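In this text the structure is predicted, and so the values were computed from the model without any measurement.
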Amino acid sequence: MATSFSPTTSVRSIFRNPPEALLSLPDSFSGVKRSFNSAASYATLKLPPAFALSRRPLLSHRRTALVRAATIEEIEAEKAAIEKDVKNRMERTIENVRTNFNSVRTGRANPAMLDKIEVEYYGSPVSLKSIAQISTPDASSLLVQPYDKSSLKAIEKAIVSSDLGMTPNNDGELIRLSIPQLTSERRKELSKIVAKQAEEGKVALRNIRRDALKAYDKLEKEKKLSEDNVKDLSSDLQKLTDEYMKKVDTIFKQKEKELLTV
């Protein structure tokens with residue numbers, strides 16, 4: 001238990017034969033007079049009236065924080081979560097590329113051509129396919145039949161405002177779209193657009209790979225993975241990325257063939 005002190009005129013040290021550290025006080029103890037009586041084996045400090053000593057113990061014990069190491073199961077779970085996230089994001093990227101390709105029209109009618117059309121419906125933008133049935137009665141036309149006939153005008157406006165380059169025919173019941181034949185020049189232009197979309201898909205895949213590498217590096221810094229572990233995981237990640245890159249190339253070549261085939 002700490003001894004209670006008050007700012008009296010003098011205090012006797014509890015040390016016998018006090019060390020030099022006690023007799024050589026720092027400069028901050030200005031106004032403190034000290035003396036040492038060798039016969040009595042004690043030191044006397046003359047304290048000013050305004051000087052007060054702390055009630056805390058002279059010796060203190062610091063608490064040491066205990067850090068629990070992650071278990072093998074926890075580390076494996078973190079690795080599995082990273083791998084699962086990578087695959088899910090890469091799959092979504094492939095689906096996005098397919099959706100973008102489908103919105104680029106070829107010479108044949110395809111309901112997916114209208115996938116990116118949004119209609120202002122009761123003050124909110126909604127996808128066309130959510131408020132209308134889209135069909136292909138033949139290879140060169142599309143039929144759009146809204147579930148709510150009052151939305152016909154809004155659907156017509158949305159199609160005209162799009163970059164499809166088609167003129168809708170509204171008969172009051174449904175909308176018919178005739179697919180014009182593509183010129184050779186237009187096919188080449190669309191092929192360039194599709195190539196750009198494919199490259200954007202590859203950039204997205206590389207970004208996913210980058211995020212996973214950062215996650216692995218974080219586990220290494222936390223001492224949960226060794227450097228060799230990270231190298232092996234990075235190698236597997238590169239193989240997975242290459243696999244999805246090939247998927248982008250495959251669907252791009254298919255789309256390009258559709259565009260350039262007359």
Between the CD atom in E256 and the CD atom in Q254, the distance rounded to the nearest 0.5 Å is 11.5 Å
Backbone of S127 reached by a side-chain donor or acceptor of S130 within 3.5 Å
yes
Check step by step if side-chain contact (heavy atoms from CB on, under 4.5 Å) holds for V160 and T167.
CA-CA 6 Å; V160 171; T167 302; over 6 Å; no
Are there more than 12 heavy atoms of other residues, nucleotides or ligands under 6.0 Å from atom CD of E227?
no
Would you verify whether the NZ or CZ of K255 falls within 45 degrees of the ring axis of F252 while also being under 6.0 Å from that six-membered ring's centre?
no
L219 and E78: side-chain contact (heavy atoms from CB on, under 4.5 Å), yes or no, with the steps?
CA-CA 9 Å; L219 291 180; E78 289 191 60; 3.1 Å; yes
In plain terms, say whether K192 and E189 are close enough for a salt bridge, that is, a side-chain N and a carboxylate O under 4.0 Å apart.
no
Check the side chains of N96 and T93 for a donor-acceptor pair under 3.5 angstrom, ignoring hydrogens and angles.
no
Check whether the side chains of K116 and N100 place a donor and an acceptor atom closer than 3.5 Å, and report yes or no.
yes
Beyond-backbone contact of D232 with S235, side-chain heavy atoms, under 4.5 angstrom
no
How about I82 and D85: do any of their side-chain heavy atoms sit closer than 4.5 Å?
no
Could you tell me whether the side chain of L128 reaches within less than 4.5 Å of the side chain of E118, counting heavy atoms only?
no
Is there side-chain contact between E243 and L240, with heavy atoms separated by less than 4.5 Å?
yes
Under 3.5 Å, is there a donor-acceptor pair between the D148 and Y121 side chains?
yes
To the nearest 0.5 Å, how far apart are OG in S140 and CD1 in I179?
7.5 Å
Heavy-atom check, side chain of I175 versus side chain of N169, under 4.5 Å:
no
I155, Y122: one ILVMFWY side-chain cluster at the under-4.5 Å cut-off?
yes
Any chance the side chains of N170 and E156 put a donor and an acceptor closer than 3.5 Å?
yes
E91/K247 salt bridge by N-O under 4.0 Å criterion:
yes
Membership question, hydrophobic clusters at under 4.5 Å side-chain separation (ILVMFWY): are V144 and L174 in the same one?
no
To the nearest 0.5 Å, atom CG of L205 lies from atom CZ of R210 at 12.5 Å
Distance, nearest 0.5 Å, that separates CD1 of I131 from CD1 of I117
11.0 Å
Establish whether L143 and I134 are linked, either directly or via other cluster members, by ILVMFWY side-chain heavy-atom contacts under 4.5 Å.
no
Apply the side-chain hydrogen bond (donor to acceptor under 3.5 Å, both in side chains) test between Q238 and each candidate in D242, T241, D236; give the one that qualifies.
D242
Closest non-hydrogen atom pair, M166 against L114:
CE-CD2, 4.4 Å
Contact between D249 and K202 at the side-chain level, heavy atoms closer than 4.5 Å - yes or no?
yes
Of all the heavy-atom pairs spanning P146 and A132, show the shortest one and how long it is.
CA-CB, 3.6 Å
Enter the distance from R92:CZ to I208:CD1 here, rounded to the nearest 0.5 Å.
7.5 Å
Can you check whether R206 reaches M245 side chain to side chain, under 4.5 Å on heavy atoms?
yes
Cluster question for you: counting only ILVMFWY and a side-chain heavy-atom cut-off of under 4.5 Å, with indirect links fine, are I193 and I251 together?
yes
Using side-chain contact (heavy atoms from CB on, under 4.5 Å), reason through K129 and D115 one step at a time and then give a plain yes or no.
CA-CA 7 Å; K129 61 184 179 181; D115 279 355; 3.8 Å; yes
Answer yes when E83 and K79 have at least one side-chain N-carboxylate O distance shorter than 4.0 Å, and no when they do not.
no
Just how far is it from atom CE of M113 to atom OG1 of T136, taken to the nearest 0.5 Å?
11.0 Å
Side-chain contact test, heavy atoms from C-beta onward, threshold under 4.5 Å: evaluate it for K188 versus S184 and give yes or no.
yes
Does the side chain of N229 pick up a donor-acceptor pair with the side chain of S226 at under 3.5 Å?
yes
Taking L260's backbone N and O only, do any of them form a donor-acceptor pair with R187's side chain (distance below 3.5 Å, no angle check)?
no
Indicate if L152 and V126 have the same hydrophobic cluster label, given that clusters are the connected sets of ILVMFWY residues with side-chain heavy-atom separations under 4.5 angstrom.
yes
Please lay out, stage by stage, how K196 and E199 fare under the test salt bridge (charged side-chain N to carboxylate O under 4.0 Å, His left out).
CA-CA 5 Å; K196 182 181 178 182; E199 183 56 35; over 6 Å; no
